[in-house]
Amino acid sequence: VVGFVNGIPLVFMELKVVYKDIRVAYDNNFTDYRKVVPQLFYYNAFVILGNGIDAKIGTHSSKFKFFHAWKRLAEEDVGAVDMETLLKGTCAKANLMDLFENFIIYDDSTGTMAKILARNHQFLGVNRAVESVRRRDELCGKLGVFWHTQGSGKSYSMVYFTRKIHRKLGGNFTFLVLTDREELDKQIYETFAGCGVVNNDKDECRASSGAHLKEMLGKQKKYVFSLIQKFNEDVHPGEAYTRRNDLIVISDEAHRTQYGLLALNMRNALPNAGYIGFTGTPLFKGDELTRQVFGDYVSKYDFQRAVDDGATVPLYYDARGGKLKVA
């Protein structure tokens, strides 16, 4: 089945009878079509493999292991692998155009160009985060905590999030991507650079010092990457670097460094900014401090859901008693 939009073949589906594994659709049919009629995939947005019950979605260049299920139409749904859910979630008119416009990226950060389609939890979570930005005045700048467990693609979610804001809410937004470790800062920057969103060599976006950070935040840059340690100069109320309300601070691993002197300097420097925390660690029960800083969860994708979706391996605990003696 080929899905045309204004005459353009955006969707390709390979469908098998119910008793055949969808791996057959990939190995025997889809890969053959790619060789025989490659022009069919020049404009393709995504590919669906299904057998009426089981169904997965990916891109025309995806290996089979990167085809994934689409289990939920809303984040609070229990979730089930289901052909109908996938079709409603991806081929309903508004969702199809949203995926096509905002949730496909091309990444060559590993040295090989890969076309990447957002997974179900990224699509739902990012759209909830975008809605928080729309309501940032109502939320008093507390855009929420984006808790997606390890291995769920948080860096890509940040790319989807920032690009959709620029496309749908206006190109004047500045995003300050903030971490607390050099390797994290480098990793996130390289993901954005690999997706063609930033290039520090052509347009400086990585802060080398506190003074450099202050200078960049005073300009109308789309992206700034920094460690929170660069807010090392005392900033008193009334000495703001900028009072813009279209500046969004994305704090990676939101728990660790958002409550001390550095964070206070940042808040005084950016008094009208919106703040969203990305983390792979759940909030502790009764963790009011994080909620005071960022607000409540804007999106949750926990460890058990990631295991169920095959995004990460299960964790087992083996209780062993060690015998001790006094020597």
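Nothing here was measured: the structure is a model prediction, and the numbers come from that model. The figures that follow rest on heavy atoms only: side chains count, while hydrogens, waters and symmetry mates do not.
Y297 is not listed as a side-chain neighbour of E75, based on a closest heavy-atom distance of 4.5 Å or more. Proximity of N265 to N232: side-chain heavy atoms (C-beta onward) are nowhere separated by under 4.5 Å. The shortest distance between side-chain heavy atoms of V81 and K71 falls below 4.5 Å. No side-chain heavy atom of I57 sits less than 4.5 Å from a side-chain heavy atom of V47. Residues K115 and Y106 meet the side-chain proximity criterion, which asks for heavy atoms closer than 4.5 Å. For the pair T90/N120, no side-chain contact is recorded, criterion being any heavy-atom separation below 4.5 Å from C-beta on. Side-chain contact between K222 and T162 is absent, with no heavy atoms from C-beta onward closer than 4.5 Å. For the pair F64/D27, no side-chain contact is recorded, criterion being any heavy-atom separation below 4.5 Å from C-beta on.
Neither F66 nor W70 shares a network with the other; the hydrophobic side chains, linked directly or stepwise wherever heavy atoms of I, L, V, M, F, W or Y lie under 4.5 Å apart, form separate groups for each. Note on I116: it clusters hydrophobically with F103, by side-chain heavy-atom contacts below 4.5 Å among ILVMFWY residues. Both M158 and I104 are assigned to one and the same hydrophobic cluster, defined by single-linkage of ILVMFWY side chains at heavy-atom distances under 4.5 Å. Grouping the Ile, Leu, Val, Met, Phe, Trp and Tyr side chains by contacts below 4.5 angstrom, directly or via other members, places V2 apart from M97. There is a path of hydrophobic side-chain contacts, each under 4.5 Å, that joins L49 to V36.
The side-chain hydrogen bond (donor to acceptor under 3.5 Å, both in side chains) with S299 is formed by just one residue from the set H121, Q122, H148; it is H148. Just one of F173, Y160, F175, F161 meets the ring pair (Phe, Tyr, Trp, His ring centres under 6.0 Å) condition when paired with H166; it is F175.
Remark: K20 engages no residue in a salt bridge (Lys or Arg N to Asp or Glu O under 4.0 Å) (not counting sequence neighbours). The salt bridge (Lys or Arg N to Asp or Glu O under 4.0 Å) test applied to R163 returns no partner, not counting sequence neighbours. Legend: residues meeting side chain to side chain donor-acceptor pair (under 3.5 Å) with S155, ordered by chain and number and at least two apart, are Q187. Scored by the salt bridge (Lys or Arg N to Asp or Glu O under 4.0 Å) test, D54 finds no partners at all (sequence neighbours excluded).
The nearest pair of heavy atoms linking S226 to D185 is N-OD1, 3.7 Å. For F123 against D98, the heavy-atom pair with the smallest separation is CE1-OD2, 3.4 Å. Contact detail for K88 and A92: the closest heavy-atom pair is O-CB, 3.3 Å.
With rounding to the nearest 0.5 angstrom, the SG atom of C91 is 7.0 Å from the CG atom of L86. Rounding to the nearest 0.5 angstrom, the gap separating the CG atom in N51 from the CD1 atom in I22 is 6.5 Å. Going from atom OG1 of T242 over to atom CE of M216 covers 13.5 Å, rounded to the nearest 0.5 Å. Taking CD1 from I276 and CD1 from I248, the interatomic distance works out to 8.5 Å, rounded to the nearest 0.5 Å. Rounding to the nearest 0.5 Å places CG of L176 at 5.5 Å from CZ of F231. Here the CG-CG distance, from L87 to D82, works out to 9.0 Å after rounding to the nearest 0.5 Å.
Counting non-hydrogen atoms of neighbouring residues, nucleotides and ligands closer than 6.0 angstrom, the NZ atom of K214 reaches no more than 12 such neighbours. The environment of F100 atom CZ is sparse: at most 12 non-hydrogen atoms of other residues, nucleotides or ligands sit within 6.0 angstrom. For Q39, the CD atom sits in a packed shell: over 12 heavy atoms of surrounding residues, nucleotides or ligands are nearer than 6.0 Å.
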Exercise for review: Please assess Q220 against D246 for the test side chain to side chain contact (heavy atoms under 4.5 Å, CB included), listing each intermediate value before the final yes or no.
Suggested key: CA-CA 10 Å; Q220 195 83 12; D246 54 1; 4.3 Å; yes
Check your understanding: Which is it for L73 and T85 under the side chain to side chain contact (heavy atoms under 4.5 Å, CB included) test, yes or no, and what are the steps along the way?
Key -> CA-CA 7 Å; L73 302 180; T85 302; 4.0 Å; yes
**Study point:** Chi angles and distances behind the side chain to side chain contact (heavy atoms under 4.5 Å, CB included) call for V159, D107
**Key:** CA-CA 11 Å; V159 175; D107 181 10; over 6 Å; no
Practice item. Give the C-alpha distance, both sets of side-chain angles, the deciding distance and a yes or no for side chain to side chain contact (heavy atoms under 4.5 Å, CB included) between L143 and V298. Key: CA-CA 7 Å; L143 305 180; V298 65; over 6 Å; no
Exercise for review: Could you give me the CA-CA distance, side-chain angles and deciding distance for F146 and F278, then say whether ring pair (Phe, Tyr, Trp, His ring centres under 6.0 Å) is met?
Suggested key: CA-CA 5 Å; F146 193 99; F278 277 69; 4.4 Å; yes
For residues 3-17, dump all side-chain donor-acceptor pairs below 3.5 Å to protein atoms at least two apart in sequence or in another chain.
from	atom 1	to	atom 2	distance (Å)
K16	NZ	N29	OD1	2.9

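Between Y223 and F225, the two ring planes are parallel [angle under 30°; tilted spans 30° to 60°].
Ion pair D302/K300 not flagged as a salt bridge, since none of the NZ, NE, NH1 or NH2 atoms sits closer than 4.0 Å to an Asp/Glu carboxylate oxygen. A salt bridge is absent between K221 and E204: the closest approach of a Lys/Arg side-chain nitrogen to an acidic carboxylate oxygen does not fall below 4.0 angstrom. Checked for salt-bridge contact, E131 and R135 miss the test: no charged N lies under 4.0 Å from a carboxylate O.
Applying the salt bridge (Lys or Arg N to Asp or Glu O under 4.0 Å) test to residues at least two apart or on different chains, the pairs with a partner in residues 190-199 are K186-E190.
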